[in-house]
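On a predicted model such as this, the values are computed, not experimentally measured, just so you know.
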Amino acid sequence: MRALDAAAVRAWAAACVHSLEALRADIDGINVYPVADSDTGSNLLHTLTGARDALEADRDAAGAGPALATLARGAVLAARGNSGVILSQVLRGIAEVAGDQAELDGTALAAALVRADVVATDAVARPVAGTMLSVLHAVATTVGTAGTGPASADAGTVAAQAAKAAAEALDETPNQLAALAVAGVVDAGGRGVVAVLDALVGVLHGTEPEPARTLRAGAAPVPPQPRAWEVMYLLEGAEEAALPALRRALSALGDSVTVAGDGAGNHAVHVHCGDIGAALEAGLAHGRPHRVRVEPLMTPVPEDTGAARDNRAVVAVVRGADLAELISAEGVPVLAVEAGAEPTAEELLGLVTETAAAHVTVLPGDVRLTGAAERVAGHAVLEDRDVVVVPCASPVQVLAALAVHDPDRRVNDDVVAMAEAAAATRRAELVVAGEESITWVGRAQAGDLVGLVDGEAVLIVPASAASAVETAALDVLERLLAVGGELVTVLTGREAPDGIGEVLAERLRADHPEVELVCYPGGQSEALLLMGVE
C-alpha cells in the first residue's frame, strides 16, 4: 500500500490490539526496568485498547489525520504505566504531522515517525538509553533521511524500514542498560514498539504481523513483593509553560517521570515514588488532577544465595564534564551536575537503578552532592538495594576512592577501603574571589586568588601579581605536602592557564622527587585548580 488512509489507521489500531493481546504475557514476563512489576505488556494493551475504542466510537474521522488524532487522544486518556504514556505520545507525534491529511504517503509517514520520537522523548523527564525511547530514536534515524531512501518511498516501504530498525535496536537494548543484561532480556517497552510497527507493516502490506521475535527471557519470574507506588492521573487546566516546573517537582519525589499532553489541554502524569500525596499535590499546584490511579510497585524477591546479592556497583556524582568523562572511561557510571546545581531525585535514582546491582556505593564530588545522595539513599524506590554513600568533599577524594576500589574484595571491606582513602586525601583548591570578603588570612578583593586547604583559606594572592596562578598553586601545594605525601592529583578547571600542570610537575621534580603527580582536565567552573595529596 502506497499510503496510510483512515481505513488503514482503523485496521492498524485493531491489529495492534490483536498483537499485544497475544504478546501481553511474554512482554509482562521480561519487564525488569525501571521496576520489575511485570505489567508493561498489560499497560501497552490497555492503552491501545482505549485508543482503538475511541477511534471506533468516532465515526466522523474520515481522513488519516483526523483518525490518528482521535487515536492519540484515546491513547492519552487510557494510558497506563510509563510505557503506555510514552506510546500515547508516539501516536500524538504521528497525528501532529498528519494534521488534516486524508492519507499519508511514505514521506509524510517518515516525518511522522521522526516527530513521534521527539514528542515521546520530550515527555520523559530523564530519557534512558536501552529503553523504548532508544528503539524509537533508531526508527527516527532510519526513516528520517531526507530526499533519499525510505523518506522517498511509499508508506509500506517506510513502515518495513521502521520495523526492521526497531527490531535491530531492540536487540541492542541489553548492551545499553545493565538491568536488562543482568536479567538476560530485551526491553519490554521496546518490544511493544516493535509489535506496533510490525502491525503497521502487516496492514500496509496485507500480511500477517511479524512472528514472535526473540525476547531473550531468563528464568521464570519470582513472585513479587510490593514497594513504593506508581501514581498516575490526568491533569486538566495546566499551562504548557508550567510543565517544566511540574516535571521538576515530580523528579524530586521519584523516578520514571512523564508528563504527556494530548494536544487538547489534558496531560497524563506518571511517577514512581514513595509519597502519593506529594505527587498529587504537585499536580494540584498546576491544574486539576482526575482519574487518579495508584498501584503498588512490585519487585521480585531476591534469591537466597550469596551470589545473587553480592553483585555490586560503584557510581559517581561530580561537577565538570571533563571529570565525568574521565571517570566514565574507567567503566564507572557517572552523573555530571552543573556548577551550583543539585541533582534531582530522578537523576540520582536513575543512576543507581540503571546499574541493576544489589549493592551500590555512591561517590559524590562535594559536600552538597554528598547531602543530595544521602537524602536519596533511603528512598522507597531503592528499598530492595543496599545503597551506601561515601562522604567526599572534593572530586580528588572521589578519584582516591576509585583508585582503591577492588571488585574482588568483600563488599563491606571495599566500602571501608574507599571511605578510608577518601578521608585520608588532603584537599586544596584555588579559586577566584567573586566579591570582597574577610578570611582568616586577611581581606580578599574581587578577582584575587584564594587558596584553601581542607576548606580553610590559607593564602591570598592579588590578581595583579605576576604569575599569580602559578605562585598561588605552588604555595598551596607546598602546604599540602608539609605533612608528607606520595601522590598529588590536580584537576584543572575551565579557566586554568595552559601549561599549569607542567609548571607544577617541574617544581615537584626539583623539590619533591619522591612525589608523583598526575594532572587531569576537570572542567569545573567553580575552581581554577583542585588538588589532592595521598
Participant: Is Glu96 salt-bridged to Arg115, going by a charged N under 4.0 Å from an acidic O?
Facilitator: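 Salt bridge present between Glu96 and Arg115.
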Participant: Could you measure the distance from the SG atom of Cys273 to the CG atom of Leu349? Nearest 0.5 Å is fine.
Facilitator: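 If I round to the nearest 0.5 Å, the distance is 10.5 Å.
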Participant: Can you name the nearest heavy-atom pair linking Ala75 to Thr47, along with the distance?
Facilitator: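 That closest heavy-atom pairing would be O-CG2, 3.6 Å.
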Participant: Compare every heavy atom of Pro364 with every heavy atom of Val398, then report the nearest pair and how far apart it is.
Facilitator: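 Reported closest heavy-atom pair: CG2-O, 3.5 Å.
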Participant: In the structure I gave you, are the side-chain heavy atoms of Leu491 and Leu399 within less than 4.5 Å of one another anywhere?
Facilitator: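 A side-chain contact under 4.5 Å exists here.
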Participant: What are the two closest heavy atoms between Ala279 and Val231, and how far apart are they?
Facilitator: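 Smallest heavy-atom distance, with atoms named: CB-CG1, 4.0 Å.
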Participant: Kindly indicate whether the side chain of Asp414, heavy atoms from C-beta on, has any atom under 4.5 Å from the side chain of Arg312.
Facilitator: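 Yes, side chains in contact.
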Participant: Write down the atom of Thr370, the atom of Cys392, and the distance for their closest heavy-atom approach.
Facilitator: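 Closest heavy-atom pair between Thr370 and Cys392: OG1-O, 3.0 Å.
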Participant: Looking only at the side chains, is there a donor atom on one of Asn31 and Thr40 sitting less than 3.5 Å from an acceptor on the other?
Facilitator: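 Per modelled atom types, Asn31 and Thr40 side chains form a pair under 3.5 Å.
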Participant: In Å and rounded to the nearest 0.5 Å, what is the CE to NE2 distance from Met418 to His405?
Facilitator: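 Spacing of CE (Met418) from NE2 (His405) equals 6.0 Å.
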Participant: Would you check if Val196 and Leu48 make a side-chain contact, meaning some heavy-atom pair closer than 4.5 Å?
Facilitator: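 Counting from C-beta outward, Val196 and Leu48 do come under 4.5 Å.
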Participant: Quick one: closest heavy-atom pair of Val9 and Leu4, and the distance?
Facilitator: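 Looking at all heavy atoms of both residues, the shortest contact is CG2-CG, 4.0 Å.
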Participant: Using 0.5 Å steps for rounding, measure from the CG atom of Leu71 to the CZ atom of Arg52.
Facilitator: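 Answer rounded to 0.5 Å: 11.0 Å.
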Participant: Does any part of the side chain of Leu382, heavy atoms only, come nearer than 4.5 Å to the side chain of Val376, both counted from C-beta?
Facilitator: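 The answer is yes; the side chains approach within 4.5 Å.
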Participant: Roughly how far, to the nearest 0.5 Å, is CG of Leu113 from CD1 of Ile94?
Facilitator: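 Ile94 atom CD1 to Leu113 atom CG measures 5.0 Å (nearest 0.5 Å).
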Participant: CD of Glu325: more than 12 outside heavy atoms within 6.0 angstrom?
Facilitator: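 Not buried by this count: 12 neighbours or fewer within 6.0 Å.
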Participant: Between Arg247 and Val259 (side chain of the first, backbone of the second, donor and acceptor by atom type, cut-off under 3.5 Å), is there such a pair?
Facilitator: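 Confirmed, Arg247 side chain pairs with Val259 backbone.
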Participant: Show, in sequence, the C-alpha distance, side-chain angles and deciding distance for Val185 and Arg191, and conclude whether the side-chain contact (heavy atoms from CB on, under 4.5 Å) test is met.
Facilitator: CA-CA 10 Å; Val185 298; Arg191 180 63 185 91; over 6 Å; no
Participant: Is there a donor-acceptor contact under 3.5 Å from the side chain of Thr49 to the main chain of Leu45?
Facilitator: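 Side chain of Thr49 to backbone of Leu45: a pair is present.
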Participant: Looking only at atom types and distance, does a side-chain atom of Tyr33 sit under 3.5 Å from a main-chain N or O of Ala356, one as donor and one as acceptor?
Facilitator: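 Absent.
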Participant: Is it true that a side-chain atom of Gln89 and a backbone atom of Ala120 form a donor plus acceptor pair closer than 3.5 Å?
Facilitator: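 No: the side chain of Gln89 does not pair with the backbone of Ala120.
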Participant: Can any side-chain N or O of Glu346 pair as donor or acceptor with the backbone N or O of Ser256 at less than 3.5 Å?
Facilitator: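 Here the side-chain-to-backbone pair exists.
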Participant: How about CD on Glu239, more than 12 heavy atoms from neighbouring residues, nucleotides or ligands closer than 6.0 Å, or not?
Facilitator: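 Atom CD in Glu239 is not crowded, with 12 or fewer foreign heavy atoms closer than 6.0 Å.
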Participant: Keeping the roles fixed (side chain from Thr258, backbone from Ala260), state whether a donor-acceptor pair exists under 3.5 Å.
Facilitator: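 Looks like no, no N/O pair under 3.5 Å.
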Participant: Got a second to check how far His270's NE2 is from Asp255's CG, nearest 0.5 Å?
Facilitator: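 Answer rounded to 0.5 Å: 9.0 Å.
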Participant: Within the structure provided, determine whether Ser19 and Asp198 are in side-chain contact (heavy-atom separation under 4.5 Å).
Facilitator: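 Of all side-chain heavy-atom pairs linking Asp198 with Ser19, none is under 4.5 Å.
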Participant: Kindly determine whether Ser42 and Asp28 satisfy side-chain hydrogen bond (donor to acceptor under 3.5 Å, both in side chains), including the steps that lead there.
Facilitator: CA-CA 7 Å; Ser42 301; Asp28 282 347; 2.8 Å; yes
Participant: In this structure, are over 12 heavy atoms from other groups packed under 6.0 Å from His137 atom NE2?
Facilitator: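 Open: at most 12 neighbouring heavy atoms sit under 6.0 Å from NE2 of His137.
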Participant: Tell me if the CD atom of Glu338 is crowded by more than 12 foreign heavy atoms within 6.0 Å.
Facilitator: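 No.
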Participant: Arg319 side chain to Ala341 main-chain N or O, any donor-acceptor pair under 3.5 Å?
Facilitator: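 Answer holds: yes.
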Participant: For the residue pair Tyr233 and Val294, establish whether any side-chain heavy-atom pair is separated by less than 4.5 Å.
Facilitator: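 Of all side-chain heavy-atom pairs linking Val294 with Tyr233, none is under 4.5 Å.
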Participant: Could you walk me through whether Val158 and Leu204 pass side-chain contact (heavy atoms from CB on, under 4.5 Å), step by step?
Facilitator: CA-CA 10 Å; Val158 170; Leu204 291 175; over 6 Å; no
Participant: Kindly say whether Thr344 contributes a backbone atom to a donor-acceptor pair with the side chain of Arg248 at under 3.5 angstrom?
Facilitator: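 No: the side chain of Arg248 does not pair with the backbone of Thr344.
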Participant: Show the numbers, then the answer: is there a side-chain contact (heavy atoms from CB on, under 4.5 Å) between Arg126 and Val257?
Facilitator: CA-CA 7 Å; Arg126 185 174 181 271; Val257 173; over 6 Å; no
Participant: Report yes if the side chains of Pro174 and Val186 come closer than 4.5 Å at any heavy-atom pair, otherwise no.
Facilitator: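 Yes - at least one pair of side-chain heavy atoms lies under 4.5 Å apart.
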Participant: For a quick test of reading the model, state the closest non-hydrogen atom pair linking Glu354 to Ala178 and the distance between them.
Facilitator: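 Glu354 and Ala178 have their closest heavy atoms at O-CB, 3.2 Å.
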Participant: Do Val135 and Asp187 touch side chain to side chain, with heavy atoms closer than 4.5 Å?
Facilitator: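 Answer no - side chains too far apart.
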Participant: Determine whether a donor-acceptor pair (N or O, by modelled atom type, separation under 3.5 Å) exists between the side chain of Glu347 and the backbone of Val337.
Facilitator: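 Pair absent, no side-chain N/O of Glu347 close to backbone of Val337.
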Participant: Are Ile327 and Glu330 close enough, and set up right, to give a side-chain contact (heavy atoms from CB on, under 4.5 Å), and what steps lead you there?
Facilitator: CA-CA 5 Å; Ile327 295 174; Glu330 297 300 317; 5.7 Å; no
Participant: For Ala78, does its backbone N or O pair with a side-chain atom of His46 as donor and acceptor, under 3.5 Å?
Facilitator: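 The answer is yes, because a donor-acceptor pair under 3.5 Å joins these two groups.
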Participant: How many angstroms lie between atom CG of Leu68 and atom CG of Asp100, to the nearest 0.5 angstrom?
Facilitator: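 Separation between the atoms: 11.5 Å.
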